[in-house]
Number of protein chains: 2
Amino acid sequence: MSKLDDRGLEYVAKYFKALAEPMRLKVLNELREGEKNVGQLKELAGSTQANVSKHLSLLSDYGLVKRESRGNCVYYSIADPSVYEICELVCGQISNRLILEADIKKLFSSAQQSST
Amino acid sequence: MSKLDDRGLEYVAKYFKALAEPMRLKVLNELREGEKNVGQLKELAGSTQANVSKHLSLLSDYGLVKRESRGNCVYYSIADPSVYEICELVCGQISNRLILEADIKKLFSSAQQSST
DNA sequence: TGACTATACAACTATATAGTAATATAGTTG
DNA sequence: CAACTATATTACTATATAGTTGTATAGTCA
């Protein structure tokens, strides 16, 4: 990464952006066990068909998942398992930081401080 | 990651979001060689002081960089070098995909489709 | 003290996109 | 063919945030 030009940095940033969404992480997580179609993912992710479909096409555009149409359904699967390595590394960093719970709380203050 | 609840997924997504910005990646990249102050980073990143400062405080909030005030300057450094491992993995995935240039182009068509 | 430098912050505009609702497309089955 | 199912797409609203500008704070030096 040290020798990436601006264009390269944009590529990388876009890749991270694809992962910067809890719903997409959830979908990727479900695909860990193998391919699933949109209907299954919709149930597992607890979202709507349109929403899941949109996230899936984004993930597909970014090359994170593969599409395969079979009969009446479209099956999605992980394109490159190294995405999980990346997530594990992030989880490692995060669990380190969970020790400093106070710092983390700051990040989510806007999302949960509603109960005043 | 497989056993993360919704809150955990949000943490992870937020972490990725912190990395999903070319300017912040550039700053992290510059910090690879060691700590730097805001003025230096501003020059290296080719942006304004306010802009760099804002990105730095975000990175600091997310625990990606450390702050240290010394004299007149504030020096930033990488909090956890494993962020570079993450980036390397992403770069690996991306360079794999660069072979399929056509697919990538689609992602950036809006940004660059002027130069055929 | 006042002038200067480095950093942070607040207010703003513009853009991106998450999620929703409705519609369209494509395959299946009778 | 019509009716049905699965998925995709379009148009929309609401929200988040990138980047800018101007200002505030804090340290340094004369």
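Below, read A as the first sequence line, B as the second, and so on, with proteins coming before strands; counting in each chain starts at 1.
At least one donor-acceptor pair under 3.5 Å links the side chain of A:Tyr84 to the backbone N or O of A:Leu28. Side chain of A:Tyr62 to main chain of A:Phe16: no donor-acceptor pair is present (N/O by atom type, distance under 3.5 Å, no hydrogens or angles).
Residue B:Ser53 has no polar side-chain atom (N or O) positioned under 4.0 Å from OP1 or OP2 of C:dT7. A sub-4.0 Å separation between OP1 or OP2 of D:dA18 and a side-chain N or O of B:Arg24 is present. For C:dG27, neither phosphate oxygen OP1 nor OP2 lies less than 4.0 angstrom from any side-chain nitrogen or oxygen of A:Asn72. For D:dT17, neither phosphate oxygen OP1 nor OP2 lies less than 4.0 angstrom from any side-chain nitrogen or oxygen of B:His55. Between A:Tyr76 and D:dA8 there is a side-chain polar atom (N or O) within less than 4.0 angstrom of OP1 or OP2.
Between B:Glu21 and B:Lys26 there is no salt bridge, since no side-chain nitrogen of the basic residue lies less than 4.0 Å from a carboxylate oxygen of the acidic one. The existence of a salt bridge linking B:Arg32 and B:Glu88 is confirmed by a sub-4.0 Å separation between a basic side-chain nitrogen and an acidic carboxylate oxygen.
Between the P atom of C:dA16 and the CE atom of B:Met23 lies a distance of 16 Å, rounded to the nearest Å. Rounded to an integer number of Å, the gap from B:Asn51 CG to C:dT13 P is 18 Å. In this structure, B:Asn37 atom CG and D:dG27 atom P are separated by 16 Å, rounded to whole Å. A:Leu41 places its CG atom 12 Å from the C1' atom of D:dT7, with the value rounded to the nearest Å. Atom-to-atom, NZ of A:Lys54 to C1' of D:dA11 comes out at 10 Å; the value is rounded to the nearest Å. Distance CG (A:Leu58) to P (D:dT10): 15 Å, rounded to an integer number of Å. Distance, A:Tyr75 OH to D:dA6 P: 10 Å, rounded to whole Å. Distance CD (B:Glu43) to C1' (C:dT5): 14 Å, rounded to an integer number of Å.
In the set C:dT20, D:dA6, C:dT7, the nucleotide with an atom closest to the side chain of A:Cys73 is D:dA6. When distances are taken from the side chain of B:Glu21 to each of D:dA18, D:dT7, C:dT20, the shortest belongs to D:dA18. Candidate nucleotides D:dA16, C:dG19, C:dA16 were compared by shortest atom distance to the side chain of A:Lys17, and C:dA16 ranks first.
A:Thr48 comes within 4.0 angstrom of sugar-phosphate atoms only, judged by non-hydrogen atoms across all strands, and of no base. At a threshold of 4.0 angstrom between heavy atoms, the contacts of A:Arg70 with the nucleic acid are absent.
A cation-pi arrangement is absent between A:Arg67 and A:Tyr75 under the rule of less than 6.0 angstrom and at most 45 degrees off the ring axis.
Counting atom types as modelled, B:Gln49 pairs a side-chain N or O with a base atom of C:dA8 as donor and acceptor under 3.5 Å.
Across all strands shown, D:dT20 is found opposite C:dA11 as a Watson-Crick or G-U wobble partner, with both distances under 3.5 Å.
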